[in-house]
Visitor: 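My questions will all concern the structure given below.
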Number of protein chains: 2
Amino acid sequence: MPPHPSADLDTVLGKAVTILRAFTVDDQVLPLAELVRRTELPKATVHRVAGDLVTNRLLDRTDLGYRLSGGLFELGMRASVERSLMELAMPFLQDLYERTHETVHLGVREGHDVVYVAKIGGHRQAKSPSRPGGRMPVHCTAIGKILLAFSDAEVQQELLSSPLERRTPHTIVAPGLLERQLATALETGVAFEREESAVGLQCVAAPVLGDGERALAAISITGPVGRFKPEAFVTPVRAAAQGLSSLVSRRRSLSR
Amino acid sequence: MPPHPSADLDTVLGKAVTILRAFTVDDQVLPLAELVRRTELPKATVHRVAGDLVTNRLLDRTDLGYRLSGGLFELGMRASVERSLMELAMPFLQDLYERTHETVHLGVREGHDVVYVAKIGGHRQAKSPSRPGGRMPVHCTAIGKILLAFSDAEVQQELLSSPLERRTPHTIVAPGLLERQLATALETGVAFEREESAVGLQCVAAPVLGDGERALAAISITGPVGRFKPEAFVTPVRAAAQGLSSLVSRRRSLSR
DNA sequence: GGCTCGCGTCCCGCTGACCGGTACGGTGAA
DNA sequence: TTCACCGTACCGGTCAGCGGGACGCGAGCC
């Protein structure tokens with residue numbers, strides 16, 4: 001199963017991004033053989049293209065294999081939407097963290113997934129599976145649910161009619177239940193998650209609205225089941241999200 | 001003047017990254033014509049390759065032109081060194097900000113430039129020219145100087161023997177003076193900047209050391225000339241940098 | 001030692017992906 | 001209207017890309 005079916009393998013470019021996307025957030029360095037396995041490209045081809053990627057400074061070579069280079073990091077940070085969002089959001093995330101000292105996330109929706117744009121946490125933060133630049137399914141996260149609630153009806157329906165992967169015993173896999181949660185989320189302006197993506201974690205999320213009722217992004221607070229009562233954080237999350245909203249909606253060009 | 005001479009323009013890949021790198025941190029969206037101007041590639045070629053980049057989800061099309069896509073952001077965030085560094089550093093930067101409420105930076109050296117990996121600031125932060133993912137010359141920033149001080153002697157010499165660009169009236173352009181500052185920085189473990197990169201700004205920076213005397217990264221605090229006395233922040237910056245150092249030096253594979 | 005297996009590298013002839021000069025339609029300013 | 005500039009589309013020549021296959025090497029095993 002190729003990781004990203006959309007890439008065109010008949011072009012160098014397609015092969016190149018296939019190789020780049022073979023790296024996951026958890027991989028530090030991948031040897032040639034592993035790249036061959038994941039991409040399912042001929043060994044000679046991977047060898048050559050990876051070499052080209054190195055000369056173009058998108059990959060680094062180490063004696064253990066290849067890894068995504070700093071140049072790629074730079075490039076990625078220039079992606080206008082995510083970067084602007086992050087820059088504008090930082091002070092708000094900041095405040096939120098300072099007030100609560102719980103893990104704070106900023107995320108956007110990309111297809112059926114949430115992509116985390118920023119994450120702030122302390123030294124002994126609840127160990128959540130999320131990472132900046134990483135993905136999680138929309139249906140099992142607070143951020144995902146609030147983003148979905150404030151999306152066009154058609155994308156909401158599209159997602160509800162596709163199978164909902166089970167992550168924990170608490171993951172909501174019944175479309176009907178999820179749909180009802182989305183409805184209340186749309187009314188109340190917040191969404192919750194209770195151990196649906198990872199056991200022991202709970203979240204609250206609020207939407208960052210552009211013009212109209214569509215969410216451009218969302219902010220969430222995460223904490224461990226014991227001390228952390230999500231309801232107690234509704235107000236500060238909402239405040240942060242609204243503050244950011246009013247800043248963002250002034251700027252055009254964040255449309256996505 | 002091509003922005004990155006190292007790219008091989010005789011290959012599709014080279015053209016592709018040339019197009020991608022034509023975007024600066026300040027560009028939101030570039031029309032085809034502007035890309036043609038910057039890359040100095042034939043219009044038909046840019047049109048085609050940019051189209052390929054769009055189908056490969058590295059670029060987005062808008063009615064105003066092209067822009068770097070969210071997919072590229074994701075990819076960039078997977079660059080192992082920068083991402084690990086950022087994740088490990090976040091709590092320390094966090095603490096530092098909370099204690100001082102001044103703008104905090106994390107940066108690494110790449111050639112003659114500092115690349116900012118993370119930046120934390122409040123709502124009304126001193127408006128510095130730095131941006132996450134952006135670059136600044138090493139010789140005129142506190143981060144750059146401390147990184148240079150804790151580098152191999154040869155790269156230090158290499159830089160000292162190349163022309164030092166003037167950014168402000170206070171920028172140090174005399175190699176001798178810079179060299180002396182580097183020496184004291186190496187002794188004291190901190191470096192200062194006083195309006196050398198931008199008028200009205202001052203910084204202190206401390207190194208994040210790996211094994212040995214080489215710096216993997218550096219942390220700095222920035223503030224406006226008036227209220228901000230860099231000397232007052234030597235201790236907290238140093239503490240943050242050392243805390244991160246001891247965490248980082250345990251992990252191999254951050255070598256660069 | 002000899003054998004094998006998996007790795008990274010290199011070779012080399014075929015071919016279709018890439019190239020870019022050129023032309024076209026639209027849009028806004030002069 | 002004319003002109004300038006934009007984005008788009010066409011199309012035949014050719015060379016960059018392709019990948020099967022061979023090679024050298026080191027680690028593990030017999």
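Residue numbers begin at 1 in each chain, while the letters A, B, ... track the order of the sequences. What you are looking at is a predicted structure, and each value in this text was computed from that prediction instead of being measured.
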Visitor: Taking only N and O in the side chain of A:Arg48, is any of them less than 4.0 Å away from OP1 or OP2 of D:dC18?
Guide: yes
Visitor: Run the side chain to side chain contact (heavy atoms under 4.5 Å, CB included) check on B:Leu85 and B:Glu82 step by step: do they pass?
Guide: CA-CA 5 Å; B:Leu85 207 53; B:Glu82 281 74 8; 5.6 Å; no
Visitor: Any Lys/Arg nitrogen of A:Glu165 or A:Arg167 sitting under 4.0 Å from an Asp/Glu carboxylate oxygen of the other?
Guide: yes
Visitor: Would you mind reading off the distance between B:Glu40 atom CD and C:dC19 atom C1', rounded to a whole angstrom?
Guide: 18 Å
Visitor: Output the single nucleotide from D:dG20, C:dC19, C:dG8 whose closest atom is nearest the side chain of A:Ala44.
Guide: D:dG20
Visitor: When you measure from the side-chain N and O atoms of A:Thr45 to the phosphate of D:dC18, is any distance below 4.0 Å, counting only OP1 and OP2?
Guide: no
Visitor: Which of parallel (below 30°), tilted (30 to 60°) and perpendicular (above 60°) describes A:Tyr116 and A:His105?
Guide: tilted
Visitor: Rounded to whole angstrom units, what separation is found between the CG atom of A:Leu35 and the P atom of C:dT9?
Guide: 12 Å
Visitor: Report which part of the nucleic acid A:Ala33 touches: base, sugar-phosphate, or nothing (heavy-atom distance under 4.0 Å, all strands).
Guide: sugar-phosphate
Visitor: Starting from the 5' end of DNA chain C, give me the residue, B:Pro42 or A:Tyr66, whose nearest nucleotide shows up first.
Guide: A:Tyr66
Visitor: With no angle test and no hydrogens, is the base of C:dG8 tied to the side chain of A:Lys43 by a donor-acceptor pair under 3.5 Å?
Guide: yes
Visitor: What is the distance, to the nearest angstrom, from the CG atom on A:Leu32 to the P atom on C:dT9?
Guide: 7 Å
Visitor: Whole angstrom is fine here: how far is it from CZ in A:Arg37 over to C1' in C:dG8?
Guide: 13 Å
Visitor: Closest-nucleotide mapping onto DNA chain C: is A:Leu13 or A:Arg61 further toward the 5' terminus? I mean the 5' end.
Guide: A:Arg61
Visitor: Give a yes or no on whether a salt bridge exists between B:Arg78 and A:Asp26, defined as a side-chain N under 4.0 angstrom from a carboxylate O.
Guide: no
Visitor: Respond yes when some side-chain nitrogen or oxygen of A:Lys15 is under 4.0 Å from OP1 or OP2 of D:dC18, and no when none is.
Guide: yes
Visitor: Strictly below 4.0 Å, N to O, side chains only: are B:Arg135 and A:Glu74 in salt-bridge contact?
Guide: yes
Visitor: Using whole Å, what does the distance between atom C1' of nucleotide D:dG20 and atom CG of A:Leu41 come to?
Guide: 15 Å
Visitor: CG of A:Asp52 versus C1' of D:dG19: gap in Å, rounded?
Guide: 15 Å
Visitor: Can you tell me if the side-chain N/O atoms of A:His47 get under 4.0 Å from OP1 or OP2 in C:dG8?
Guide: no
Visitor: Checking all strands, does A:Thr11 fall into the base, sugar-phosphate, or nothing category for heavy-atom contacts under 4.0 angstrom?
Guide: sugar-phosphate
